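The structure appears right after this line, and notes come after that.
Computed from a predicted structure; not experimentally measured.
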Amino acid sequence: MNGSTISEFILLGFSCSHTAQLLLLVLVLACYTTVLLGNFLIMVTVWSEPKLHQSPMYFFLANLSIIDMSMGSVAAPKLVTGLLNSGSVISYGGCMAQLFGLHLFGGAEMFVLTLMAYDRYVAICQPLRYTAIMDRQRCFSLLIFCWTGAFIHSTVQMVVIAQLPFCGPNVLDNFFCDIPQVIQLACAEIYVVEKLMLVSGGLITLPNCLTLLVSYAIILASFCGRFGKGGRKALSTCSSHLMVVGLFYGPVAFVYLKPFSDSQVDKMASVFYMVVIPALNPLIYTLRNQEMKGAMRKLNDKCQLLLLPHRE
């Protein structure tokens, strides 16, 4: 623990009324169930349908579902415990593991969303070369790059925080361990640490944001005069992806691009991007995608055929 004298952190959770906490508990449980079931359904659908499995877009979508399931599982169980008990306790090691997981999966989601934007750029702007550029080997290589970048980012964050001594107090006015609040409890000068955290976060966020903006600016420019059936289908796919990107980056920017306050609004924004958004992603990608809905109907028919002999 590198000189730390405290062995646990106290998470105060939400300081709202008991009724409001119960309502929030129901919302979190509903969203977390949707995260697990919805994203698992997307994964099974993609891997069971050869046409989707061979498509780079759906290959990346299945990996995004894995990230969403992991992201939702990092903080949701502790949030549920805190809502049931009006606060909870997390060990020093558990807090560090939670910080690592949040930045690993959050960074991976940024990279994969950018990769999906690049995939749509190649498919729409260079259709004749699409299969050659986005072959399976390159897709795997790009995906490994995404996870490697996210792992390096989260490791840098943890190496810096691991050097800080914590001798008290140990109370976090939040429902999970978040870097801006945790480093405030360190018994050391944190000015340099805050700057390192800012630079580390900027190195992963800024390039991804710029790539997303450039990719979709080129895509939208290429749609001029192309509003036939194929153009409408491509535009629908891109709009779904842009919706997911906006839902992800909006709350993240709200929480991290300003000094963190202990207000309930900041906590609700954190709940939104850690639990609600991973639940919305499978709904956005399935309800607006005819290929996914068709593949799910086929999967449902296969399941019914498998269950039919047992019913008889």
Side-chain angles (χ1 to χ4, degrees), residues 27-28 30-43 45-46 52 55-72 105-125 146 204-224 226-227 229-257 268-296:
L27 172 65
V28 171
C31 287
Y32 187 48
T33 302
T34 304
V35 168
L36 297 179
L37 296 180
N39 285 292
F40 180 74
L41 178 60
I42 286 181
M43 291 166 54
T45 302
V46 171
L52 298 184
S55 169
M57 181 178 72
Y58 294 105
F59 173 72
F60 296 141
L61 177 58
N63 281 276
L64 181 64
S65 294
I66 295 174
I67 295 171
D68 282 338
M69 291 175 67
S70 304
M71 184 73 172
F105 300 122
E109 180 143 358
M110 285 187 185
F111 278 116
V112 171
L113 288 174
T114 304
L115 184 54
M116 293 173 74
Y118 173 72
D119 171 73
R120 290 300 85 202
Y121 159 74
V122 176
I124 293 170
C125 300
C146 291
I204 187 175
T205 305
L206 188 59
N208 280 294
C209 284
L210 290 176
T211 304
L212 279 166
L213 291 174
V214 171
S215 296
Y216 278 107
I218 297 174
I219 289 172
L220 292 175
S222 70
F223 275 131
C224 294
R226 290 176 52 189
F227 289 102
K229 183 178 180 180
R232 286 195 299 270
K233 180 181 177 182
L235 185 61
S236 176
T237 302
C238 291
S239 64
S240 297
H241 186 60
L242 280 171
M243 193 181 301
V244 170
V245 169
L247 287 172
F248 177 78
Y249 277 97
V252 170
F254 178 81
V255 172
Y256 291 106
L257 292 185
M268 287 304 300
S270 297
V271 171
F272 193 78
Y273 82 80
M274 293 173 62
V275 182
V276 178
I277 291 175
L280 290 176
N281 286 354
L283 298 177
I284 293 172
Y285 279 116
T286 54
L287 295 179
R288 293 174 57 87
N289 191 305
Q290 295 299 324
E291 289 181 326
M292 281 296 297
K293 288 193 287 188
M296 286 181 176

Leu115 and Asn63: CA distance, side-chain angles, deciding distance, side chain to side chain contact (heavy atoms under 4.5 Å, CB included) verdict = CA-CA 11 Å; Leu115 184 54; Asn63 281 276; over 6 Å; no
ask   = If you draw a 6.0 Å radius around OH in Tyr121, do more than 12 non-hydrogen atoms from other residues or ligands fall strictly inside?
value = no
Check: Val46 and Phe59 side chains under 4.5 Å, non-hydrogen atoms = no
CE-CZ distance between Met110 and Phe248, expressed to the nearest 0.5 angstrom = 4.5 Å
inquiry  = Working to the nearest 0.5 angstrom, can you tell me the gap between Ile66 CD1 and Met71 CE?
reply    = 15.5 Å
Criterion side chain to side chain contact (heavy atoms under 4.5 Å, CB included) on Leu36 and Phe40, from CA distance to verdict = CA-CA 6 Å; Leu36 297 179; Phe40 180 74; over 6 Å; no
query = Yes or no on side chain to side chain contact (heavy atoms under 4.5 Å, CB included) for Tyr118 and Val122, after CA distance, side-chain angles and deciding distance?
reply = CA-CA 6 Å; Tyr118 173 72; Val122 176; 3.6 Å; yes
request  = Please report the shortest heavy-atom distance between Val35 and Asp68, naming the atom on each side.
outcome  = CG1-O, 3.6 Å
inquiry  = As a quick check of understanding, evaluate side chain to side chain contact (heavy atoms under 4.5 Å, CB included) for Ile42 and Tyr58, giving each step before the final call.
reply    = CA-CA 9 Å; Ile42 286 181; Tyr58 294 105; over 6 Å; no
ask   = Under the side-chain contact (heavy atoms from CB on, under 4.5 Å) test, which residues partner Leu27, sequence neighbours left out?
value = Leu24, Cys31
query = What's the shortest heavy-atom distance between Leu283 and Ala279, and which atoms?
reply = CG-O, 3.7 Å
key: Inter-residue atom distance Leu113.CG - Asn281.CG, 0.5 Å rounding   = 7.5 Å
key: For the student: nearest non-hydrogen atoms of Phe105 and Ile67, plus distance   = O-CG2, 3.4 Å
inquiry  = Using the side-chain hydrogen bond (donor to acceptor under 3.5 Å, both in side chains) criterion, which residues pair with Ser65? Sequence neighbours excluded.
reply    = Asn39
ask   = For the atom pair OG1 (Thr205) and OH (Tyr249), what is the distance rounded to the nearest 0.5 Å?
value = 6.5 Å
request  = With rounding to the nearest 0.5 Å, note down the distance linking CG in Leu242 to CD1 in Ile284.
outcome  = 11.0 Å
ask   = Any side-chain heavy-atom pair from Met57 and Leu52 closer than 4.5 angstrom?
value = no
note = For Asp119 and Pro56 the tightest heavy-atom approach is OD1-CB, 3.5 Å
ask   = To the nearest 0.5 Å, how far apart are OG1 in Thr34 and CG in Leu41?
value = 11.5 Å
